[in-house]
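Here the structure comes first, spelled out in C-alpha coordinates, and everything after it is commentary.
No hydrogens, no waters, no symmetry mates; every other heavy atom, side chains included, goes into these values. Numbers here simply count residues along the sequence, with the first being 1.
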Amino acid sequence: MSAERTGSPAGAAGVAGSAPVRCDLPEADAFTRPYWDAAAEGRLLLRRCRAAGCGAVHHYPREFCPRCWSEDVVWEPAAGRATLYTWSVVHRNDLPPFGDRVPYVAAVVELAEGPRMMTEVTDCAAADLRIGMPLTVHFRRAPLDSRGAGGTAGAGGYAVPVFRPAYDG
(Lines give C-alpha, C1' and ligand atoms only; values in the text may rest on other atoms or scores of the structure.)
Protein backbone atom coordinates (compact mmCIF):
# COMPACT_ATOMS: atom_id res chain seq x y z
CA MET A 1 0.00 0.00 0.00
CA SER A 2 1.18 3.48 -0.73
CA ALA A 3 1.70 5.90 2.13
CA GLU A 4 -1.23 8.02 1.05
CA ARG A 5 -3.59 5.08 1.54
CA THR A 6 -2.57 4.33 5.10
CA GLY A 7 -4.04 5.83 8.22
CA SER A 8 -7.59 6.39 9.35
CA PRO A 9 -10.62 6.59 7.07
CA ALA A 10 -10.74 10.31 7.82
CA GLY A 11 -7.47 10.58 5.87
CA ALA A 12 -9.15 9.11 2.81
CA ALA A 13 -10.47 12.52 1.85
CA GLY A 14 -7.02 13.41 0.52
CA VAL A 15 -5.30 16.76 0.59
CA ALA A 16 -7.57 19.79 0.90
CA GLY A 17 -8.81 20.81 -2.52
CA SER A 18 -7.82 17.51 -4.16
CA ALA A 19 -9.95 14.58 -5.21
CA PRO A 20 -10.52 11.92 -2.52
CA VAL A 21 -8.09 9.02 -2.50
CA ARG A 22 -9.78 6.01 -4.06
CA CYS A 23 -9.48 3.00 -1.77
CA ASP A 24 -10.62 0.50 -4.42
CA LEU A 25 -7.82 0.91 -6.95
CA PRO A 26 -5.50 -2.04 -7.38
CA GLU A 27 -1.80 -1.30 -7.12
CA ALA A 28 -0.21 -3.51 -9.74
CA ASP A 29 3.47 -4.31 -9.48
CA ALA A 30 5.76 -6.36 -11.72
CA PHE A 31 4.55 -9.61 -10.13
CA THR A 32 0.79 -8.94 -10.20
CA ARG A 33 0.76 -7.12 -13.57
CA PRO A 34 -0.29 -10.30 -15.51
CA TYR A 35 -3.27 -10.70 -13.15
CA TRP A 36 -4.47 -7.11 -13.61
CA ASP A 37 -3.78 -7.11 -17.37
CA ALA A 38 -5.89 -10.28 -17.72
CA ALA A 39 -8.67 -8.71 -15.63
CA ALA A 40 -8.65 -5.69 -17.98
CA GLU A 41 -9.23 -8.19 -20.81
CA GLY A 42 -12.09 -9.89 -18.92
CA ARG A 43 -10.10 -12.96 -17.81
CA LEU A 44 -9.54 -14.25 -14.28
CA LEU A 45 -6.14 -15.81 -13.56
CA LEU A 46 -5.07 -18.12 -10.74
CA ARG A 47 -1.69 -19.50 -9.69
CA ARG A 48 -0.91 -23.23 -9.93
CA CYS A 49 2.00 -25.02 -8.32
CA ARG A 50 4.06 -27.21 -10.65
CA ALA A 51 6.04 -28.97 -7.91
CA ALA A 52 5.96 -32.77 -8.08
CA GLY A 53 3.11 -34.16 -6.02
CA CYS A 54 1.51 -30.77 -5.34
CA GLY A 55 -0.38 -29.03 -8.16
CA ALA A 56 -2.29 -26.79 -5.74
CA VAL A 57 -4.19 -23.85 -7.20
CA HIS A 58 -4.27 -20.70 -5.10
CA HIS A 59 -5.66 -17.21 -4.94
CA TYR A 60 -4.63 -14.43 -3.96
CA PRO A 61 -1.58 -14.34 -6.25
CA ARG A 62 1.66 -15.24 -4.46
CA GLU A 63 5.13 -15.97 -5.75
CA PHE A 64 5.18 -19.32 -3.94
CA CYS A 65 2.80 -22.18 -3.28
CA PRO A 66 1.10 -21.78 0.12
CA ARG A 67 0.78 -25.58 0.39
CA CYS A 68 4.32 -26.80 -0.29
CA TRP A 69 6.26 -23.51 -0.45
CA SER A 70 7.59 -24.21 -3.93
CA GLU A 71 8.42 -21.20 -6.08
CA ASP A 72 7.56 -23.22 -9.21
CA VAL A 73 4.14 -21.61 -9.74
CA VAL A 74 2.56 -20.35 -12.95
CA TRP A 75 -0.43 -18.28 -14.01
CA GLU A 76 -3.38 -20.14 -15.52
CA PRO A 77 -6.86 -19.09 -16.62
CA ALA A 78 -9.76 -19.75 -14.26
CA ALA A 79 -13.10 -21.04 -15.48
CA GLY A 80 -14.82 -18.01 -13.97
CA ARG A 81 -17.35 -20.16 -12.09
CA ALA A 82 -17.81 -20.16 -8.33
CA THR A 83 -20.27 -20.90 -5.56
CA LEU A 84 -21.19 -18.52 -2.76
CA TYR A 85 -19.40 -19.54 0.44
CA THR A 86 -20.46 -16.65 2.72
CA TRP A 87 -21.43 -12.99 2.52
CA SER A 88 -22.20 -9.85 4.46
CA VAL A 89 -24.23 -6.84 3.40
CA VAL A 90 -22.25 -3.66 3.98
CA HIS A 91 -24.50 -0.74 4.92
CA ARG A 92 -21.83 1.79 5.82
CA ASN A 93 -18.36 2.41 4.47
CA ASP A 94 -16.70 5.80 4.73
CA LEU A 95 -13.86 5.04 2.31
CA PRO A 96 -14.20 6.47 -1.21
CA PRO A 97 -15.88 5.27 -3.40
CA PHE A 98 -17.54 2.56 -1.29
CA GLY A 99 -19.85 5.02 0.45
CA ASP A 100 -21.53 5.65 -2.90
CA ARG A 101 -22.13 1.91 -3.37
CA VAL A 102 -23.84 0.99 -0.09
CA PRO A 103 -25.49 -1.28 0.49
CA TYR A 104 -23.31 -3.83 -1.29
CA VAL A 105 -22.55 -7.50 -0.78
CA ALA A 106 -19.02 -8.38 0.35
CA ALA A 107 -18.52 -12.09 -0.18
CA VAL A 108 -16.22 -15.06 -0.17
CA VAL A 109 -16.73 -17.37 -3.13
CA GLU A 110 -15.31 -20.83 -3.74
CA LEU A 111 -13.87 -20.96 -7.23
CA ALA A 112 -14.48 -24.04 -9.40
CA GLU A 113 -10.73 -24.73 -9.18
CA GLY A 114 -10.89 -24.88 -5.36
CA PRO A 115 -9.50 -21.66 -3.86
CA ARG A 116 -11.72 -19.19 -2.06
CA MET A 117 -11.68 -15.54 -3.05
CA MET A 118 -12.90 -12.35 -1.38
CA THR A 119 -15.06 -10.36 -3.80
CA GLU A 120 -18.39 -8.64 -4.24
CA VAL A 121 -21.65 -10.15 -5.47
CA THR A 122 -23.56 -7.86 -7.82
CA ASP A 123 -26.81 -8.00 -9.78
CA CYS A 124 -28.64 -9.87 -7.03
CA ALA A 125 -30.78 -8.71 -4.12
CA ALA A 126 -29.28 -9.70 -0.77
CA ALA A 127 -32.51 -11.51 0.13
CA ASP A 128 -31.99 -13.82 -2.87
CA LEU A 129 -28.48 -14.94 -1.89
CA ARG A 130 -28.01 -18.54 -0.79
CA ILE A 131 -24.96 -20.47 0.38
CA GLY A 132 -23.79 -22.66 -2.49
CA MET A 133 -25.55 -20.66 -5.21
CA PRO A 134 -23.70 -20.74 -8.54
CA LEU A 135 -21.95 -17.55 -9.57
CA THR A 136 -20.00 -16.34 -12.57
CA VAL A 137 -17.26 -13.75 -12.78
CA HIS A 138 -17.59 -10.40 -14.46
CA PHE A 139 -15.44 -7.32 -14.09
CA ARG A 140 -16.06 -3.90 -12.57
CA ARG A 141 -14.30 -1.44 -14.81
CA ALA A 142 -13.31 2.12 -13.98
CA PRO A 143 -11.01 4.70 -15.52
CA LEU A 144 -7.66 5.58 -14.07
CA ASP A 145 -7.87 8.00 -11.19
CA SER A 146 -6.40 11.49 -11.42
CA ARG A 147 -2.97 10.25 -10.28
CA GLY A 148 -2.89 7.56 -12.96
CA ALA A 149 -2.65 5.03 -10.13
CA GLY A 150 -4.25 1.67 -10.10
CA GLY A 151 -4.57 1.34 -13.84
CA THR A 152 -3.93 -1.78 -15.78
CA ALA A 153 -2.26 -1.89 -19.16
CA GLY A 154 -3.75 0.41 -21.73
CA ALA A 155 -5.83 3.52 -21.42
CA GLY A 156 -8.94 1.63 -20.38
CA GLY A 157 -8.33 1.98 -16.66
CA TYR A 158 -8.63 -0.97 -14.34
CA ALA A 159 -10.90 -3.97 -13.87
CA VAL A 160 -11.65 -5.88 -10.67
CA PRO A 161 -13.26 -9.34 -10.67
CA VAL A 162 -16.70 -9.46 -9.04
CA PHE A 163 -19.38 -12.14 -9.26
CA ARG A 164 -23.06 -12.37 -10.12
CA PRO A 165 -25.58 -15.22 -10.17
CA ALA A 166 -25.06 -17.77 -12.93
CA TYR A 167 -28.38 -18.31 -14.59
CA ASP A 168 -29.06 -21.24 -16.90
CA GLY A 169 -29.82 -20.40 -20.49
* To do: List the steps and the verdict of side chain to side chain contact (heavy atoms under 4.5 Å, CB included) for Val74 and Arg50.
  => CA-CA 7 Å; Val74 294; Arg50 296 191 307 182; 3.4 Å; yes
Would a distance-only check, ignoring hydrogens and angles, find a side-chain to backbone donor-acceptor pair under 3.5 Å from [X] to [Y]?
X	Y	answer
Arg164	Val162	no
Arg141	Ala40	yes
Arg81	Ala112	no

* ring pair (Phe, Tyr, Trp, His ring centres under 6.0 Å): which pairs involve residues 72-92, sequence neighbours left out? ->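 Checked against ring pair (Phe, Tyr, Trp, His ring centres under 6.0 Å) - neighbours excluded - the pairs reaching residues 72-92 are Phe31-Trp75.
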Hey, any chance [X] and [Y] share a hydrophobic cluster, counting ILVMFWY side chains that come within less than 4.5 Å of each other, even indirectly?
X	Y	result
Tyr60	Met118	no
Ile131	Leu111	yes
Val57	Phe64	no
Val160	Val108	no
Val73	Leu45	no

Where is the tightest heavy-atom contact between [X] and [Y], given as atom of each residue plus distance?
X	Y	value
Thr83	Leu135	C-CD1, 4.2 Å
Pro61	Arg47	CA-CG, 4.0 Å
Asn93	Tyr104	ND2-OH, 2.8 Å
Phe139	Ala159	CB-CB, 4.1 Å
Glu27	Thr32	O-OG1, 4.2 Å

Drop me the distance from [X]'s [atom1] to [Y]'s [atom2], to the nearest 0.5 angstrom.
X	Y	atom1	atom2	result
Thr119	Leu84	OG1	CG	10.5 Å
Thr86	Glu110	OG1	CD	12.0 Å
Glu76	Leu44	CD	CG	10.5 Å
Asp123	His138	CG	NE2	5.0 Å

* Carefully, step by step, assess Ser70 and Cys54 under the rule side chain to side chain contact (heavy atoms under 4.5 Å, CB included). => CA-CA 9 Å; Ser70 170; Cys54 187; over 6 Å; no
* Any side-chain hydrogen bond (donor to acceptor under 3.5 Å, both in side chains) pairs touching residues 125-136, not counting sequence neighbours? ->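 Checked against side-chain hydrogen bond (donor to acceptor under 3.5 Å, both in side chains) - neighbours excluded - no pair reaches residues 125-136.
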* **Salt bridge present between Arg48 and Glu113 (N-O < 4.0 angstrom)** => no
* To do: Show the numbers, then the answer: is there a side chain to side chain contact (heavy atoms under 4.5 Å, CB included) between Trp36 and Tyr158?
  => CA-CA 7 Å; Trp36 296 115; Tyr158 73 97; 5.9 Å; no
* Can you label the angle between the His59 ring and the Tyr35 ring as parallel, tilted or perpendicular, going by 30° and 60°? =>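 If you compare the ring of His59 with that of Tyr35, the planes turn out tilted.
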* Asked: Around Glu71, counting heavy atoms of other residues, nucleotides and ligands shown, do more than 12 lie under 6.0 Å from its CD?
  ->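 No, not enclosed.
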